[in-house]
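Because only heavy atoms are used, hydrogens play no part in the values below, and waters and symmetry mates are left out as well, while side chains stay in. The chains referred to below are lettered A, B, ... by the order of the sequence lines, with proteins before strands, and numbering in each begins at 1.
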Protein chains: 2
Amino acid sequence: MEKQEDLERCESVHIHQDLVAQVNAGMPDEEILYDLAELFKLFADSTRIKILYVLFASELCVCDIAQLLNMSQSAISHQLRALKQAKLVRYRREGKQVFYSLADGHVRTILGQGMEHVAE
Amino acid sequence: MEKQEDLERCESVHIHQDLVAQVNAGMPDEEILYDLAELFKLFADSTRIKILYVLFASELCVCDIAQLLNMSQSAISHQLRALKQAKLVRYRREGKQVFYSLADGHVRTILGQGMEHVAE
DNA sequence: ATTATATATGAACAATAGCTCATATGTTTA
DNA sequence: TAAACATATGAGCTATTGTTCATATATAAT
């Protein structure tokens, strides 16, 4: 944890020197925080938000999602790929079609809390 | 809600035609979903995640945050601006320094749920 | 008033991300 | 096997974003 090298600092080395150490101790690992940001990136696009929202209501095939969002099959497929990789959605093949559904309860909570914040 | 114009559709107009209508009914407004994505964009960068995390522990001035994250004052200030605009952080001037703190309980919940998902 | 310190901000640049287009893969039906 | 349909994916283009650098603003101290 050698972070104290050649940093620019407030000249007035105010109170917070030990606070700084304490805060640092409570921080999750760099890698975890990076993964966390990666996760939230998936919620950071309105197309993906919409996809998650429609899957809220029901399992749907790619084609139906594309119709619902009035977007191309390709665009939706690309985004589903990202959501799939992050395990936010599951998929199930049925003949030619592939049905997607929400994989996780966290999705609901995260979107819900976001909604609450936005709706104020 | 004229969305049914010249869409590409699954040829096999399968079951979901009414489902599609139903799902559409339950969708929040376009604008809200856009705002929601904008909100999550703020969680979609590890610098901002770190800022929120350190503010978790304590109110801090810009300079201390910069030191904690080992980043430039300018970079932190830019990001605080974004967080401030979204009302995720509050600020309070005290002499030359400006102290930032979390503005909202939602931040904790959202980060917490994200953590749970990542940590599995 | 002048200087120093703390923070904010605009411009520029590199990196990233989302869409389209073309095409590949997988599945069913004729 | 060939054709049709549903989905997946790579390349390319444009738009967006995070950082740095230079500089502006705000407050305090001399």
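Between S77(B) and G95(A), the residue anchored nearer the 5' end of DNA chain C, judged by the nucleotide with its closest heavy atom, is S77(B).
Relative orientation of the F40(B) and F40(A) rings is parallel, given thresholds of 30° and 60° on the angle between their planes.
In E31(B), the CD atom is not crowded: 12 or fewer heavy atoms of neighbouring residues, nucleotides or ligands sit closer than 6.0 Å.
The CE atom of M71(A) sits 16 Å away from the C1' atom of dT7(D) (whole-angstrom rounding). Rounded to whole Å, atom C1' of dT7(D) lies 15 Å from atom CD of E94(A). Put simply, CZ on R48(B) is 8 Å from C1' on dT17(D), counting in whole angstrom units. Atom CZ of R93(B) and atom C1' of dT7(C) are 6 Å apart (whole Å). Remark: C1' of dT19(D) and CG of L80(B) are 15 Å apart, rounded to the nearest angstrom. The nearest whole Å value for the distance from the CD atom in Q85(B) to the P atom in dT17(D) is 12 Å. When the P atom of dG18(D) is taken as reference, atom CG of L69(B) falls 15 Å away, rounded to whole Å. Remark: P of dA17(C) and CG of L83(A) are 14 Å apart, rounded to the nearest angstrom.
The side-chain ring of H78(B) is not stacked on the base of dT19(D), judged by centre separation under 5.5 angstrom and plane angle under 30 degrees.
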Please table the atom pairs, donor to acceptor, closer than 3.5 Å between any side-chain atom in residues 78-86 of chain B and protein atoms at least two apart or in another chain.
residue : atom : partner : partner atom : Å
Q79(B)  : OE1  : R48(B)  : NH1          : 2.9
K84(B)  : NZ   : Y100(B) : OH           : 3.4

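Ionic pairing of R92(A) and E59(A) is present here: one or more N-O contacts between side-chain nitrogen and carboxylate oxygen are shorter than 4.0 angstrom.
R108(A) contributes no side-chain N or O that, together with a main-chain N or O of I110(A), makes up a donor-acceptor pair within less than 3.5 Å.
The phosphate of dG18(D) (OP1 or OP2) has no side-chain N or O of T47(B) nearer than 4.0 angstrom. Residue R81(A) places no side-chain N or O under 4.0 Å from the OP1 or OP2 atom of dT7(D). For the pair K96(B) and dA29(D), the criterion of a side-chain N or O lying under 4.0 Å from OP1 or OP2 is not met. Neither OP1 nor OP2 of dC19(C) sits under 4.0 Å from any side-chain N or O of S74(A). When the side-chain nitrogen and oxygen atoms of Y100(B) are compared with OP1 and OP2 of dA8(C), one or more of them lie within a distance under 4.0 Å.
The base of dA8(C) lies close enough to the side chain of Q73(B) for a donor and an acceptor atom to sit less than 3.5 Å apart.
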